[in-house]
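What follows is a single structure, written as structure tokens, with notes after it.
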2 protein chains.
Amino acid sequence: MILSTNEPPPCLPRAERLRSALEQAGWRCTRQRAAVFDYLCAVESHPTAEDVYQAVRRRLPKISLATVYKALEALVDSQLAEKLTSGNGPARFDCHHQAHYHFRCVDSDEVRDLPVAYDPQLIDKLDPQLISHLRQQGFHVTGYRLEVLGHLQKT
Amino acid sequence: MILSTNEPPPCLPRAERLRSALEQAGWRCTRQRAAVFDYLCAVESHPTAEDVYQAVRRRLPKISLATVYKALEALVDSQLAEKLTSGNGPARFDCHHQAHYHFRCVDSDEVRDLPVAYDPQLIDKLDPQLISHLRQQGFHVTGYRLEVLGHLQKT
DNA sequence: ATCGATGCAAAGCGTTTGCAGGGGT
DNA sequence: ACCCCTGCAAACGCTTTGCATCGAT
């Protein structure tokens, strides 16, 4: 969430946050996973697994695409990253751990974060009875996902 | 949109609506496409291409899966159906032409329509300046997509 | 009669898996 | 030393494509 300024500051440096989150989820902290995480944190866009592979290869020339996929899986499982599958093409990955919204280009499938505060109550605002109404029908609501769609001018 | 009662009544019977929409988009109206459309309109759930194939096969035993994919493409292109790609598995298809929201089961990837009125102004309500702000940065907003996430109890 | 649509099979793309060897704890 | 992780290649699931034939207009 870009504009949000009242969030707690990151208590741990990135490397420590990575290690503790991975280990808490039962994964080891390896060079490959650190390189994938560093790249994800460094870019504005939300790259595909192939994008990550091409970038990380410059630092670790022997890394394989399968390892990138497994590193991304470990990061997602450790809640350090999110997997975005709404488009037609390959999945995209996002390391911003605060809940937030996305803009998606319907032409290129590119994704960007939106500079708008995330509203945890949005579903209730649509219809205050929706969540309890759904629960009665066997739907247990855990969250929601909002994507703004449109065209992103190529520059 | 299940609960919406103030929408215009369908002016044309389903078969005519199908034919005119397909032809307007430059597609022919064939038995296979009609069978796919009829099935999509008949079910509550949002089936995958494979689901459609298995169902339509009972009416047209010689239809192929490739034809189902091409029929679905024609229906989507003719605005008679929508392709839902947000999950991890195969795409799902939806023939309800009114804009609406979905519930998605994070376990099974099943999708259902939500009985809540679609709000065209929702993005403005999040932040009245968001759309013009995005336009200044080269993002041209055309719409949005909202999915409620949760668990759907198996019955 | 024309030209798009069908059905079949093969290829395509993104992703996952099996496995032998390597590296983190 | 243990066991997880890596890198390679092969398999996988979903979707698209090439092509000869069929069928809608």
Side-chain angles (χ1 to χ4, degrees), chain A residues 15-16 18-37 46-54 56-57 59-78 81 83-93 108-111, chain B residues 15-16 18-37 46-54 56-78 80-81 83-93 108-111:
Chain A
E16 273 318 303
L18 170 68
R19 170 173 300 275
S20 71
L22 281 174
E23 292 182 349
Q24 204 154 356
W27 304 93
R28 287 184 182 168
C29 185
T30 65
R31 272 173 302 130
Q32 290 86 343
R33 288 168 186 169
V36 168
F37 184 59
H46 296 306
T48 65
E50 178 70 31
D51 294 336
V52 173
Y53 174 55
Q54 293 304 335
V56 168
R57 224 138 86 97
R59 263 176 70 186
L60 298 174
K62 301 204 60 179
I63 199 172
S64 74
L65 182 55
T67 297
V68 170
Y69 273 103
K70 280 179 271 203
L72 290 167
E73 182 199 353
L75 294 176
V76 169
D77 184 67
S78 309
K83 186 178 185 177
L84 310 174
T85 53
S86 316
N88 283 296
R92 290 170 175 276
F93 294 86
S108 67
D109 253 14
E110 277 179 76
V111 177
Chain B
E16 273 317 303
L18 170 68
R19 170 172 301 274
S20 71
L22 280 174
E23 291 182 350
Q24 204 154 357
W27 303 93
R28 286 186 184 165
C29 186
T30 65
R31 271 173 303 133
Q32 289 87 343
R33 287 168 187 170
V36 168
F37 185 59
H46 296 305
T48 65
E50 179 70 30
D51 293 337
V52 174
Y53 174 54
Q54 293 304 335
V56 167
R57 224 137 87 96
R58 295 198 284 267
R59 262 176 71 187
L60 299 174
K62 299 204 59 178
I63 199 172
S64 72
L65 182 54
T67 296
V68 170
Y69 273 102
K70 280 179 271 203
L72 291 167
E73 181 199 354
L75 295 175
V76 169
D77 183 67
S78 309
L80 290 164
K83 186 178 184 178
L84 310 175
T85 54
S86 316
N88 284 296
R92 290 170 175 278
F93 294 87
S108 68
D109 252 16
E110 275 179 78
V111 176

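In what follows, every chain begins at residue 1, and chains take the letters A, B, ... in the order their sequences are listed.
- The residue B:A71 sits apart from the nucleic acid: no heavy atom pair falls under 4.0 Å.
- Along DNA chain D, the nucleotide closest to B:A49 and the one closest to B:C29 are compared, and the more 5′ of them pairs with B:A49.
- Not one N or O on the side chain of B:D109 forms a donor-acceptor pair closer than 3.5 Å with the backbone of B:G87.
- Among the nucleotides D:dT15, C:dC8, C:dC3, the one closest to the side chain of B:S64 is C:dC8.
- Between B:R33 and C:dA5, a side-chain N or O to OP1/OP2 separation shorter than 4.0 Å is present.
- Scanning atom types as modelled, one donor and one acceptor separated by under 3.5 angstrom connect the side chain of A:K70 and the base of D:dG7.
- A:T30 comes within 4.0 angstrom of sugar-phosphate atoms only, judged by non-hydrogen atoms across all strands, and of no base.
- Note on A:Q32: only backbone sugar-phosphate atoms sit closer than 4.0 angstrom, heavy atoms only; bases stay farther off.
- Distance from the side chain of A:A66 is smallest for C:dT17 among the nucleotides C:dT17, D:dT15, C:dA5.
- B:D77 contributes atom CG, which lies 12.0 Å from atom NZ of B:K83 (distance to the nearest 0.5 angstrom).
- Remark: A:R19 is in phosphate contact with C:dT25, judged by side-chain N or O atoms under 4.0 Å from OP1 or OP2.
- Residue A:Y69 contributes atom OH, which lies 18 Å from atom C1' of C:dG18 at whole-angstrom precision.
- Between A:R31 and D:dC5, a side-chain N or O to OP1/OP2 separation shorter than 4.0 Å is absent.
- Checking the phosphate oxygens (OP1, OP2) of C:dG7, a side-chain nitrogen or oxygen of B:T67 falls inside 4.0 Å.
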